[in-house]
Structure formats: structure tokens, C-alpha cells
Protein chains: 2
Amino acid sequence: MGEPRIIELAPRPLPKDLTPDVFVAECPTRRVLDRVADKWAVLILILLADGTKRFNALKRMIGGVSQKMLSQTLKSLERDGLVARRAIPTVPVTVEYSITPLGRTLHAAVDPLRIWAETHIAAVEAAQARYDAEQRQG
Amino acid sequence: MGEPRIIELAPRPLPKDLTPDVFVAECPTRRVLDRVADKWAVLILILLADGTKRFNALKRMIGGVSQKMLSQTLKSLERDGLVARRAIPTVPVTVEYSITPLGRTLHAAVDPLRIWAETHIAAVEAAQARYDAEQRQG
DNA sequence: GCTATCTAGTCTCCATCGGATACTAGCATA
DNA sequence: TATGCTAGTATCCGATGGAGACTAGATAGC
């Protein structure tokens, strides 16, 4: 239990061919997609793209995130090379998280998701209302 | 347990202001982002954007998906108005799933994620190897 | 002097989530 | 008669995620 899963070196079955394919469960790209299609990762990346932030600042800005998930997600993002962690030996110690160049390329792919949610929210809620009404009398 | 969670009409606290903000846990846009930043939803949308498909076809194409998650995710996507379900009364019954116009707008926002995973996989794996090596020697 | 507070987490407990497996119906095929 | 097809559902159990207590070491307040 001292070892969080992300530290474990998972046995990595080599892909049969060299074409990356997210639809193959064992493909490394699929593992990356699994990690990246994650609400906390998306929210953290969007915030850090806007500037370096400290742990508790992120915690305050992301409504509903637990310390455990924030800590876990940041560690994964750091391992994936998307986020950089810098500990400053003050008392108490402060830790700064910033986005890396690689992380910035992912942010470009991820921010449209936030935009989409914010612009199409009305259409989604309308669809849900329609669906629920049909279910009740259907 | 007969009622899956997506059917429940969750008590929906009204947002204090009218600005959608995914960082607020109670904001409807956040709920949408939570649903949409999901690996199965992403993979299903990408496949259906390419053409109408049947349940078992999707199951075969998406490596590692369980029937339960496929069925649940399709139902959610249908409720959100992103996917249309058509049951054809053959024997045995066949069911066709297709993407809606709204779903197509989301697909445009989601496909870059797949592209990103497939193009940056090498950089991510390199970062992971670097991180793991550092961890081992402290 | 004693207590509270700040930081960035970790630890433990528990509810929920997701995966594996078995099962359903009704007809076609071997 | 047994087997397979369809599109799921029911059930069990392990993995995941959230709530809250707890850690260190220095500082500020009473």
C-alpha cells in the first residue's frame, strides 16, 4: 500500500505491429488515452496552462477534488511528462506545479472539451429532459 | 439496483450565476465534462462518427470493453442526445447505434485526443522511463 | 509555555464503480 | 437435440475514489 499503482512497472505486452491504435486494449496509446480522458487530469491541465500553481491553490480552484485524487493525478501527470513539480525548501515547504511543453500540446487538444461542455450544455440538458420524459411514459 | 444511476433525476442545485464554469463541482457543465472525459465514451463516439454500428460490432471493435460498460455508456450517450438508438424488430432483434448532429460536434472536440495519444506516445513513454529511473535511485 | 496554523501530502475506512461470468428470449442452423 | 445468434440484464467481487484524520517542523497568537 506504500507503493501507489502508478509507480509499479506494469508488465508491458509489446504491440504486435508498430501502428498505434487506441482501440486495442494493450496498445500503449490506449493506456495514455485512459489516463488522459480523466476529469481531474483535464481540469488540472487547463488550470496549469494558465500559469504555475501550488498544490493548495489547485485544490481550492477545482471544486470537489479530494486531496488524494489531486495528489495521485498530479503524480501521474508528472510521470507522463505533462506537468513539472518543483519543491521549494521553505518552511513549510511549498511545491509549484507547472505545465511542460509536452503538456501544452495536450492542453491544446483538451481545452476544446471544456469549451464544448460550456457551449452545448443547453442542448445536452434539453436532450436529457426529452429522454427522461419518454422513459416515464414510454 | 434495478434503476441505473443515469435514470435517477439528480437533485440539480441551480447555479448561482448564469456563467457556465467547469471548475464548480455543481455546475451542469462540470457534470457534462465528467461524463464526456471518459475513455469508453470517447472510443464509442469516434467509432460511431465513422458510421452506424450495432451493439456487438462496437463490442468487437473496442478492445477490453465489458458488455455492462458498453451498455451503460451507450445509454448515457443516448440520454445526452449524442447517440441515437434504433431497434429493428428482426429475430433476433438488432439494434443500430448512430451519432447525432450534436454528437458530431463533440466528436470534433474529442478526436484530437486520440490523435494526440497516437502521435505523442513516444514522448510519454520516454518521460515515464525517465521518471521511473529517477525514482529508483532517489 | 502551550496551542493553533501553515504547508503538501499520506493513511485508513468505506461506498461506489467497473469487470467477469452466467443468464435471458426466440428463432435458425447442424 | 444441441448450438449459436441477437442485445442486453443479474450477480458477485475486486479495484477505485472520496471523507476525514493524521504527519512534520517552524511560526504566530494567547
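To find a chain, count down the sequence lines: A is the first, B the second, and so on, and within it residues start at 1.
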Novice: B/Met69 has an atom CE; how far is it from atom P of D/dA15, in whole Å?
Specialist: 17 Å

Novice: Taking the nucleotide of DNA chain D with the closest heavy atom to each, which residue, B/Lys68 or A/Lys68, is nearer the 5' end?
Specialist: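 The residue whose closest nucleotide sits nearer the 5' end is B/Lys68.
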
Novice: Is the closest side-chain heavy-atom distance between A/Ile44 and A/Thr73 below 4.5 Å?
Specialist: yes

Novice: If you compare every side-chain N and O of B/Trp40 against the phosphate oxygens of C/dG19 (OP1, OP2), does one of them come in below 4.0 Å?
Specialist: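 Indeed, a polar side-chain atom of B/Trp40 lies that close.
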
Novice: To the nearest Å, give me how far apart CD (A/Gln72) and P (D/dA19) are.
Specialist: 14 Å

Novice: Check for a donor-acceptor pair, side chain of B/Asp38 on one end and backbone N or O of B/Trp40 on the other, with a separation under 3.5 Å.
Specialist: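 Side chain of B/Asp38 to backbone of B/Trp40: a pair is present.
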
Novice: Any carboxylate oxygen within less than 4.0 angstrom of a Lys/Arg side-chain nitrogen, looking at B/Glu118 and B/Arg114?
Specialist: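 Looking at B/Glu118 and B/Arg114, the cut-off is met.
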
Novice: Closer than 3.5 angstrom, by distance alone: can the side chain of A/Thr100 be matched with the main-chain N or O of A/Gly81 as a donor-acceptor pair?
Specialist: yes

Novice: B/Lys59 NZ to D/dT6 C1': how many Å, rounded?
Specialist: 13 Å

Novice: Same hydrophobic cluster for B/Ile99 and B/Leu102, using side-chain heavy-atom links shorter than 4.5 Å among ILVMFWY?
Specialist: yes

Novice: Do the side chains of B/Arg30 and B/Asp21 get close enough for a salt bridge, i.e. N-O under 4.0 angstrom?
Specialist: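 Result for this pair is no, no salt bridge flagged.
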
Novice: Give the rounded distance in Å between these two atoms: CG of A/Asp34 and P of D/dG17.
Specialist: 12 Å

Novice: Between B/Leu70 (CG) and D/dT6 (C1'), how many Å, whole number?
Specialist: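 After rounding, the reported distance stands at 14 Å.
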
Novice: For nucleotides 5-9 of chain C, which of its nitrogen or oxygen atoms have a protein nitrogen or oxygen under 3.5 Å away, and what is each distance?
Specialist:
from  : atom 1 : to      : atom 2 : distance (Å)
C/dT7 : O3'    : A/Val93 : O      : 3.4
C/dA8 : OP1    : A/Arg54 : NE     : 3.4
C/dA8 : OP1    : A/Val95 : N      : 3.2
C/dA8 : OP2    : A/Asn56 : N      : 3.3
C/dA8 : OP2    : A/Asn56 : ND2    : 3.1
C/dG9 : OP1    : A/Arg85 : NH2    : 2.7
C/dG9 : OP2    : A/Tyr97 : OH     : 2.6
C/dG9 : N7     : A/Gln67 : OE1    : 3.4
C/dG9 : N7     : A/Gln67 : NE2    : 3.0
C/dG9 : O6     : A/Gln67 : OE1    : 3.0

Novice: Look only at the side chain of A/His107 and the backbone of A/Gly103, and say whether a donor-acceptor pair between them is shorter than 3.5 Å.
Specialist: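 No, because the side chain of A/His107 does not come within donor-acceptor range (under 3.5 Å) of the backbone of A/Gly103.
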
Novice: Do any side-chain atoms of residues 46-70 of chain B form donor-acceptor pairs under 3.5 angstrom with protein atoms, and if so which ones, sequence neighbours left out?
Specialist:
from    : atom 1 : to      : atom 2 : distance (Å)
B/Lys53 : NZ     : B/Leu47 : O      : 3.3
B/Lys53 : NZ     : B/Gly51 : O      : 3.0
B/Ser66 : OG     : B/Met69 : N      : 3.2

Novice: Could you provide the dot-bracket string of DNA chain C, using ( ) for intrastrand pairs, [ ] for crossing pairs and | for bases paired to another strand, with Watson-Crick or G-U pairs below 3.5 Å?
Specialist: ||||||.|||||||||||||||||.|||||

Novice: Check whether any side-chain heavy atom of A/Leu43 lies under 4.5 Å from a side-chain heavy atom of B/Leu33, and answer yes or no.
Specialist: yes

Novice: For nucleotides D/dA21 and C/dA4, find the distance between their P atoms and express it as a whole number of Å.
Specialist: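 Their P atoms lie roughly 15 Å apart.
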
